[in-house]
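Please read the structure below before turning to the comments.
Chain letters run A, B, ... following the sequence lines, proteins first, then strands; residues in each count from 1. Computed over heavy atoms, backbone and side chain alike; hydrogens, waters and symmetry mates excluded.
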Amino acid sequence: MSKTDPGNFFEDFALGRKIRHATPRTVTTGDQALYTALYGARFAVHSSDEFARTLGYPRAPLDDLLVFHVVFGKTVPDISCNAVANLGYAACAFGVPVYPGDTITASSEVMGLRESSNRKTGIVYVRSTGVNQRGETVLSYTRWVLVNKRDQTAPGPDVAVPDLPDSVPAGQLAVPEGVDLAAYDTGAAGSGHLWEDYAVGERIDHQDGMTIEEAEHQMATRLYQNTARVHFNQHVEKGGRFGRRIVYGGHVISMARALSFNGLANACRIAAINGGTHSAPSFAGDTIYAWSEVLDKFELPGRSDVGALRLRSVATKDLSGAGFPYKDDEGKYEPAVVLDLDYTVLMPRRG
Amino acid sequence: MSKTDPGNFFEDFALGRKIRHATPRTVTTGDQALYTALYGARFAVHSSDEFARTLGYPRAPLDDLLVFHVVFGKTVPDISCNAVANLGYAACAFGVPVYPGDTITASSEVMGLRESSNRKTGIVYVRSTGVNQRGETVLSYTRWVLVNKRDQTAPGPDVAVPDLPDSVPAGQLAVPEGVDLAAYDTGAAGSGHLWEDYAVGERIDHQDGMTIEEAEHQMATRLYQNTARVHFNQHVEKGGRFGRRIVYGGHVISMARALSFNGLANACRIAAINGGTHSAPSFAGDTIYAWSEVLDKFELPGRSDVGALRLRSVATKDLSGAGFPYKDDEGKYEPAVVLDLDYTVLMPRRG
Amino acid sequence: MSKTDPGNFFEDFALGRKIRHATPRTVTTGDQALYTALYGARFAVHSSDEFARTLGYPRAPLDDLLVFHVVFGKTVPDISCNAVANLGYAACAFGVPVYPGDTITASSEVMGLRESSNRKTGIVYVRSTGVNQRGETVLSYTRWVLVNKRDQTAPGPDVAVPDLPDSVPAGQLAVPEGVDLAAYDTGAAGSGHLWEDYAVGERIDHQDGMTIEEAEHQMATRLYQNTARVHFNQHVEKGGRFGRRIVYGGHVISMARALSFNGLANACRIAAINGGTHSAPSFAGDTIYAWSEVLDKFELPGRSDVGALRLRSVATKDLSGAGFPYKDDEGKYEPAVVLDLDYTVLMPRRG
């Protein structure tokens with residue numbers, strides 16, 4: 001029996017199957033320091049223990065997307081090792097905050113299956129969940145991937161496609177227990193713009209651009225213990241479709257989030273990711289820009305200190321966000337667009 | 001109203017104005033580990049909790065220049081976002097040591113103003129101060145920058161130029177409270193050369209060279225949450241004056257300090273930076289060398305365990321420090337010189 | 001007297017001389033986070049405090065090779081600064097685990113000397129030992145280097161060559177005190193293959209490849225405070241034998257170890273390195289692959305929970321390990337082979 005792990009093929013994903021992912025991970029201030037070095041994030045809640053304590057956190061929680069990447073990374077060997085494509089994700093809700101010293105583990109459940117018409121591949125829908133050492137959910141999301149079949153002549157399963165919400169509803173947006181944003185210090189956080197100041201339809205160009213280096217995206221992706229080969233192996237990729245290593249899509253999400261500080265400095269927590277598309281690959285040498293649009297804004301049940309903004313953040317490569325590049329007349333993404341992310345943030349209210 | 005921060009223009013700096021800078025930052029052993037990885041620093045006080053404790057520190061303090069960079073980084077969005085040039089700094093005194101877990105915040109006060117004769121720009125002098133979570137000063141320095149005016153027709157302010165000392169006087173060089181260097185272990189620190197062994201006028205070639213990579217200076221500069229655009233955006237800089245990203249000057253200072261270990265291993269604390277000039281820009285691919293000269297040496301009031309050396313450290317690119325390259329006959333920096341730093345270090349005495 | 005350290009020449013190594021190496025180093029979760037970012041290691045014991053505690057560790061110990069690199073780095077300025085070549089190492093035994101917060105110091109003793117026949121150089125054998133702040137040994141190994149003589153006319157010492165064991169015997173393989181692998185959770189660790197499942201002679205291709213970047217190997221090598229110049233100075237190396245910086249051999253060892261997870265996921269501790277050869281240099285841009293062979297397997301005295309595997313791990317550049325590339329008919333390493341490492345790991349038993 002081979003000692004190496006071949007990963008799962010389409011046939012291995014039975015509806016309802018639960019997969020426990022390997023390598024529990026204790027996250028630390030070392031991970032957070034690397035995250036800062038990789039993206040330059042400046043959101044005050046994650047940057048300062050003192051700031052976080054004034055809001056009721058015991059200390060600064062890790063950046064939300066760092067938690068996302070760690071959970072996502074754990075699922076890769078079991079879910080997307082033999083994937084042809086990552087098709088999408090939805091219904092991603094962030095749970096309890098993660099603090100340095102917490103240990104994250106992840107598991108997934110197969111929620112849907114659909115064999116492709118060519119019978120060579122199939123779509124697998126999984127619900128992946130990350131928990132801390134107390135079993136509290138830190139993150140839960142659905143994603144679907146196109147996976148190779150081991151045996152193309154094998155009969156496919158019954159089609160089962162899960163219902164996926166357009167967005168995570170307000171009632172599922174978790175404000176961390178004990179946290180109250182009434183005391184939020186806008187001077188320390190770097191912007192006076194609060195929830196009331198944003199209007200649905202408003203668009204913000206985040207202005208700055210950041211160039212990706214090979215060492216950076218590789219270090220980031222390894223930090224997340226994400227083993228997808230296309231990110232690391234130039235010897236193979238030089239003969240591949242693009243001739244080079246592909247940047248982990250989550251790296252671009254984190255770059256867009258860090259860039260969005262300039263305009264969304266008080267978006268102090270990502271509460272949900274409603275959906276996202278990596279419309280084109282990114283490579284080392286690309287300079288990433290971002291702009292955002294307010295898709296919706298709403299109150300949270302029983303809270304006067306904090307409200308929610310649903311945002312679209314679009315990342316582009318080698319093109320400024322000043323013109324809000326997005327889609328052409330036929331609805332196709334413009335070539336410079338690499339990311340279209342629909343997510344929901346929490347922001348302090350004037351109260 | 002724009003949600004993004006346009007930064008301050010010359011007109012925004014009124015004499016005496018106090019600016020509170022954003023993003024408090026809790027520094028950690030993660031930051032120190034990254035600092036070690038970026039520069040290879042080996043000064044024993046900062047490398048070992050055990051060594052530091054033998055001298056009366058509660059644990060190893062962060063590298064002095066890491067503290068400098070974090071404070072400096074916070075000032076960038078408010079002070080130098082619209083700067084045409086960083087002209088100089090002076091009177092930089094280090095205060096209480098910073099330990100992992102401390103939270104640093106920064107503020108500045110406008111100390112001087114002088115409109116340029118062309119009325120397009122003006123020089124702003126600010127005194128910037130970093131404090132820890134107890135309000136104790138960790139660093140204070142004056143710098144002056146050439147800033148664009150928003151409206152070139154606007155009348156300029158009265159000229160006010162602060163008195164700047166040639167160097168930080170001995171009485172303002174802080175030996176951390178409770179620290180006594182009498183027990184300093186030269187064997188552990190890596191050199192037997194103490195304060196008595198250095199002579200004014202002595203020059204030391206630090207011998208080693210270190211090549212800068214894009215990923216390194218970007219990660220360093222982001223670690224410091226320094227947002228100056230020229231360091232990160234190749235898409236814009238390829239059309240700029242140099243055709244490439246410019247390395248943050250502080251990155252070169254830290255390289256020179258780390259290289260200076262070979263010859264100044266017992267310069268265990270930077271107590272002051274008297275002044276500094278970035279005489280030429282550095283870029284990825286440059287190999288940085290350094291040499292130092294002892295400008296002055298003096299006792300500290302009431303201390304027999306520790307003395308001060310005033311040093312000039314000169315960093316060069318792609319030229320060894322063996323010939324002590326500096327200025328030509330006309331007083332101009334030789335082309336290879338990128339940094340001329342005048343600073344004061346503490347060093348143990350034989351007692 | 002020169003303030004810079006010229007390092008030791010062959011004449012400086014007297015038989016029995018003990019050398020205390022500089023710069024004690026407190027290791028932290030920051031170092032471990034960087035180690036993860038540099039190699040993507042996934043061994044559960046080092047990744048999770050919770051996992052480690054189930055086995056009797058107080059928390060996750062640092063990666064074994066991180067400890068090796070830190071100790072090795074300390075020896076460089078004294079032992080191999082003037083080395084022409086690193087010839088080999090042997091009898092490397094790992095002692096007590098190292099935890100975040102521990103402080104490592106290192107010393108060496110000269111165990112053997114042999115002048116070269118050309119009288120320009122000589123081989124120095126040293127036994128280097130790393131200890132923690134309690135004086136407990138964390139690592140001890142012998143290495144031998146070819147060192148320049150200061151004065152080629154000076155008479156050489158009597159020849160003394162230490163006896164070196166072919167491998168570290170089972171009785172010297174330390175299972176950390178209080179650790180019991182009976183409760184080892186293979187589901188969390190990512191593989192069900194235990195000690196019983198491996199057969200002597202079995203070969204495993206670890207499949208994945210990882211491309212080295214300059215910024216990565218430089219950051220790694222500086223993290224270890226290793227000062228060997230060939231790794232850092234492109235300005236000098238561009239005129240050297242290879243025209244470029246040489247990657248620290250230990251960086252490749254750590255890459256091979258991280259890659260070996262796919263096939264050896266439960267090799268939860270490196271207990272010994274029996275010997276190793278860096279058969280060719282590695283450079284930025286090389287893609288490293290690895291394969292392993294089980295050389296031997298044996299029980300540990302008095303233990304039913306854990307056994308030992310003696311392994312050969314071979315790393316190659318720009319050539320997959322699928323064909324197990326090693327040596328040609330004449331016993332010479334194939335050109336793609338860069339590392340031949342003989343080491344002994346501990347692995348849980350079925351009990």
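Between the side chains of B:His69 and B:Tyr248, at least one donor N or O lies within less than 3.5 Å of an accepting N or O. Between the side chains of B:Arg222 and B:Thr227, no donor-acceptor pair is found at a separation under 3.5 Å. No hydrogens or angles considered: a donor-acceptor pair under 3.5 Å links the side chains of B:Asn233 and A:Tyr289.
The aromatic rings of A:Phe242 and A:Phe283 sit tilted, their planes meeting at an angle between 30° and 60°. A tilted orientation is assigned to the rings of B:Phe68 and B:Phe94, their planes being inclined by 30° to 60°.
Within the 4.5 angstrom heavy-atom criterion, atoms from both the backbone and the side chain of B:Arg25 approach chain A. Residue contact with chain B, scored on non-hydrogen atoms closer than 4.5 Å, involves the side chain of A:Gln207 exclusively. Contact annotation for B:Thr105: neither backbone nor side-chain heavy atoms come within less than 4.5 Å of a heavy atom of chain A. Heavy atoms of A:Asp205 lying under 4.5 Å from chain B belong exclusively to its backbone. Contact of A:Leu319 with chain B is made through the backbone alone, with heavy-atom distances under 4.5 Å. Of the two parts of A:Ile204, only the side chain, counted from C-beta on, holds a non-hydrogen atom closer than 4.5 Å to a non-hydrogen atom of chain B. Neither the backbone nor the side chain of B:Glu216 has a heavy atom closer than 4.5 Å to any heavy atom of chain A. Residue contact with chain A, scored on non-hydrogen atoms closer than 4.5 Å, is absent for B:Thr221.
Counting heavy-atom pairs closer than 4.5 Å to chain A, the top-ranked of the candidates B:Lys74, B:His21, B:Met219, B:Gln234 is B:Met219. Of all the listed residues (A:Ser47, A:Ala33, A:Ala41, A:Gly40), the one sharing the greatest number of non-hydrogen pairs under 4.5 Å with chain B is A:Ser47. Contact tally against chain B (heavy-atom pairs below 4.5 Å) for A:Gly192, A:Gly187, A:Ala284: the top residue is A:Gly187. Most heavy-atom pairs under 4.5 Å with chain B: of the set A:Gly209, A:Ala189, A:Gly30, this distinction falls to A:Gly209. Put simply, of A:Ala265, A:Ala37, A:Ala60, A:Gly190, the one with the most heavy-atom pairs under 4.5 Å next to chain B is A:Ala37. Of all the listed residues (B:Gln218, B:Glu237, B:Gln133), the one sharing the greatest number of non-hydrogen pairs under 4.5 Å with chain A is B:Gln218.
A:Gln32 places no side-chain N or O within 3.5 Å of a backbone atom of A:Pro100 that could act as its donor or acceptor partner. In this structure a side-chain-to-backbone donor-acceptor pair under 3.5 Å is missing from B:Ser254 to B:His251.
Relative to the ring axis of A:Trp195, A:Arg350 does not place its NZ or CZ within 45° and under 6.0 Å from the centre.
We find that A:Arg245 and A:Glu214 are joined by a salt bridge, their nearest charged nitrogen and carboxylate oxygen being less than 4.0 Å apart.
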